Chemist: 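First the structure, which I've put down as structure tokens, then a few questions once you've had a look.
What you see is a predicted model, and the numbers here were worked out from it, not measured in a lab. Each ligand, and each atom within it, is numbered from 1 in the order the structure gives.
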Amino acid sequence: MQYEKIIRVFSLPGEIISVEPFGSGHINDTMRVVMNHNGENKQYVLQRMNTEIFTNPQGLMDNVVKVTEYLKKIIMARGGDPSRETLHFYPTADGNMFYTDAEGQCWRMEDLVSGTRSYDMATTPQMFENTGVAFGQFMADLADFPAEELVEVIPNFHHTGKRFETFEQEVAANRSGRLEGCRAEVEFALARKTMAHTLVDQLASGELPVRVTHNDTKINNILMDEVTDEPVCIIDLDTIMPGACAYDFGDSIRFGASSAEEDEQDLDKVYMRLDLFEAYTRGYMQAVGKAITPAEAKSLAMGAMVITFETGIRFLGDHLNGDTYFKIHREGHNLDRARTQFKLVADMESKLDEMQAIVDKYYRLANEA
Ligand code: GN1
Ligand code: MG
């Protein structure tokens with residue numbers, strides 16, 4: 001079997017029953033591994049880390065292990081189950097947290113949390129509200145984690161200003177020759193330079209505090225209980241880094257409060273759902289409203305718009321580069337993704353006051369309680 005040698009490196013007990021592709025990530029390759037030990041099946045997740053993008057797999061795994069070990073203690077202290085509520089990684093036989101094969105590919109092995117599933121879209125506002133609670137709680141849990149111990153795995157990951165500069169260069173270079181086919185989208189983006197700088201400038205001036213942030217807070221990065229649909233475990237900790245909470249709040253909204261999928265081709269179906277925005281905000285504030293500063297509360301609605309814009313220019317930049325970063329599954333996939341993001345940005349521009357009023361309301365309620 002193709003993966004047998006790699007799986008064996010992690011010294012898991014039992015015989016390999018199956019290995020199959022798993023999940024919907026755009027970066028790493030993920031496999032579900034089933035092992036049978038003493039007549040019982042147990043599931044694991046095997047991942048090949050994309051080292052073109054994560055050039056420091058050692059630093060990345062150090063971050064992830066530090067954070068999960070820290071979370072295990074916090075979860076235990078509040079009477080939770082650390083084996084389900086955070087990730088558990090297996091070392092290789094020689095004690096490394098990942099394995100580098102003969103071709104230089106890096107692999108890691110973790111438990112698959114049993115009895116859970118993930119969703120690309122909330123099936124009810126309640127589910128999305130619970131997602132808000134989970135990510136709010138996650139930030140609260142890491143409030144005292146020493147952020148300076150974290151390696152910046154992808155420098156300036158959510159520095160929208162620098163992302164904008166990169167985008168300008170990608171437009172100028174037009175490496176794929178596709179610029180003519182996406183002029184309107186490029187113009188939309190270039191007209192929004194100011195937006196790219198708002199939050200990062202506030203972070204740099206100290207107006208917004210630096211937090212430990214997840215940086216990829218899509219709803220599909222939460223495992224939900226198969227029976228109750230309640231959040232169990234936050235996954236994909238690869239991009240944990242110091243950052244602004246508005247980006248985490250915003251990325252949840254970008255992905256989860258959208259009326260359609262990230263790559264929907266019919267733009268009439270794409271808009272930001274205020275009912276879902278409100279549901280998420282209610283949950284988030286309930287979990288973390290007391291802990292965030294008034295300046296942070298003021299930045300959240302803007303955060304949703306800025307991260308959506310940032311993700312849009314990343315997709316469009318990748319389209320112009322010839323699809324070298326995000327995995328694509330069809331011609332023009334990154335352009336389709338950029339279009340949904342810009343449609344959402346335009347919609348949020350017209351709804352920003354309403355969004356901010358919702359944030360203010362739940363921030364006030366959390367701080368009155
Ligand atoms: C990537 O691979 P995945 O789906 O977890 C990307 C995120 C983007 C996201 C867009 C390391 O995440 O930043 O928001 O696609 N991760 C990286 O769906 O670039
Ligand atoms: Mg991710």
Side-chain angles (χ1 to χ4, degrees), residues 21-31 45 47-57 59-61 63-64 87 106 108 110 118-122 131 135 138 150-160 162-164 166-167 170 196 199-200 213-223 233-241 243-244 246-258 260-264 270 303-319 321 323-330 333-345:
F22 190 58
S24 56
H26 297 338
I27 308 291
N28 295 321
D29 291 327
T30 308
M31 259 83 55
V45 174
Q47 275 190 317
R48 187 177 69 88
M49 293 185 264
N50 183 329
T51 45
E52 300 268 311
I53 289 172
F54 295 117
T55 51
N56 178 4
L60 183 156
M61 285 310 291
N63 279 359
V64 170
L87 297 175
C106 294
R108 66 181 172 201
E110 66 205 83
S118 68
Y119 291 86
D120 281 324
M121 262 192 195
T131 306
F135 279 119
F138 184 81
L150 294 176
V151 175
E152 214 183 334
V153 273
I154 301 181
N156 299 315
F157 189 59
H158 284 325
H159 191 302
T160 317
K162 297 221 162 101
R163 293 275 185 193
F164 191 87
T166 305
F167 176 71
E170 288 164 334
L199 292 177
V200 286
T213 49
H214 179 282
N215 294 305
D216 192 9
T217 51
K218 301 192 278 197
I219 188 170
N220 62 16
N221 278 331
I222 299 195
L223 301 178
C233 180
I234 291 184
I235 60 169
D236 192 355
L237 306 176
D238 296 344
T239 46
I240 282 210
M241 278 177 282
Y247 279 97
D248 271 5
F249 174 89
D251 206 26
S252 287
I253 299 302
R254 169 189 85 75
F255 193 83
S258 172
E261 306 236 4
E262 198 180 54
D263 59 357
E264 172 61 57
V270 184
M305 192 160 79
V306 171
I307 185 75
T308 308
F309 179 62
E310 179 189 295
T311 311
I313 58 176
R314 290 177 64 197
F315 286 143
L316 189 53
D318 199 32
H319 177 71
N321 282 344
D323 307 313
T324 58
Y325 188 96
F326 298 103
K327 286 184 198 168
I328 55 159
H329 307 293
R330 60 175 185 251
H333 207 164
N334 275 315
L335 179 57
D336 292 340
R337 290 170 177 149
R339 286 181 171 144
T340 63
Q341 302 307 291
F342 292 161
K343 177 74 197 289
L344 289 170
V345 169

Chemist: Numbering the atoms of ligand 1 from 1, which are under 4.0 Å from a heavy atom of Phe54?
Modeler: 11 (C)

Chemist: Is the side chain of Thr239 donor-acceptor paired with the backbone N or O of His214 at a distance under 3.5 Å, no angle test?
Modeler: yes

Chemist: Under 4.0 angstrom from ligand 1, any heavy atom of Arg337?
Modeler: no

Chemist: Answer side chain, backbone, both or neither: which part of Ile27 comes under 4.0 Å from ligand 1, heavy atoms only.
Modeler: both

Chemist: Can you tell me how the ring of Phe164 sits relative to the ring of Phe167, calling it parallel under 30°, perpendicular over 60° and tilted otherwise?
Modeler: tilted

Chemist: Between Glu310, Arg314, His158, Glu262, flag the one that comes closest to atom 8 (C) of ligand 1 by a heavy atom.
Modeler: Arg314

Chemist: Looking at Gly25, which atoms of ligand 1 are within less than 4.0 Å of one of its heavy atoms?
Modeler: 2 (O), 4 (O)

Chemist: Using the side-chain contact (heavy atoms from CB on, under 4.5 Å) definition, which of the options Leu316, Asp318, Ile328, Asp323 pairs with Leu335?
Modeler: Leu316

Chemist: Considering distance alone, does some N or O of Asn28 sit under 3.5 Å from an N or O of ligand 1?
Modeler: no

Chemist: Which of the atoms of ligand 1 are close to Phe315, meaning less than 4.0 Å from one of its heavy atoms?
Modeler: 10 (C)

Chemist: Contact between ligand 1 and Arg254 is defined here as a heavy atom of the residue under 4.0 Å from a ligand atom; is it met?
Modeler: yes

Chemist: Under a 3.5 Å cutoff, is there a donor and acceptor pairing between the side chains of Thr340 and Glu264?
Modeler: no

Chemist: Does His26 reach ligand 1 with a nitrogen or oxygen that is under 3.5 Å from one of the ligand's nitrogen or oxygen atoms?
Modeler: yes

Chemist: Do Asp238 and Asn28 have side-chain N/O donor and acceptor atoms under 3.5 Å apart?
Modeler: yes

Chemist: Sequence neighbours left out, what passes side chain to side chain donor-acceptor pair (under 3.5 Å) with Thr160? Give chain and number order.
Modeler: Tyr247, Glu310

Chemist: Sequence neighbours left out, what passes side chain to side chain donor-acceptor pair (under 3.5 Å) with Arg163? Give chain and number order.
Modeler: none

Chemist: Give the numbers and elements of all ligand 1 atoms closer than 4.0 Å to a heavy atom of Tyr325.
Modeler: 11 (C), 17 (C), 19 (O)

Chemist: Between Phe326 and ligand 1, which residue portion shows a heavy-atom distance shorter than 4.0 Å: side chain, backbone, both, or neither?
Modeler: side chain

Chemist: Does Lys218 come within less than 4.0 Å of Asp120, counting only side-chain N to carboxylate O?
Modeler: no

Chemist: Show which atoms of ligand 1 fall inside a sub-4.0 Å distance from at least one heavy-atom site of Asp236.
Modeler: 5 (O)

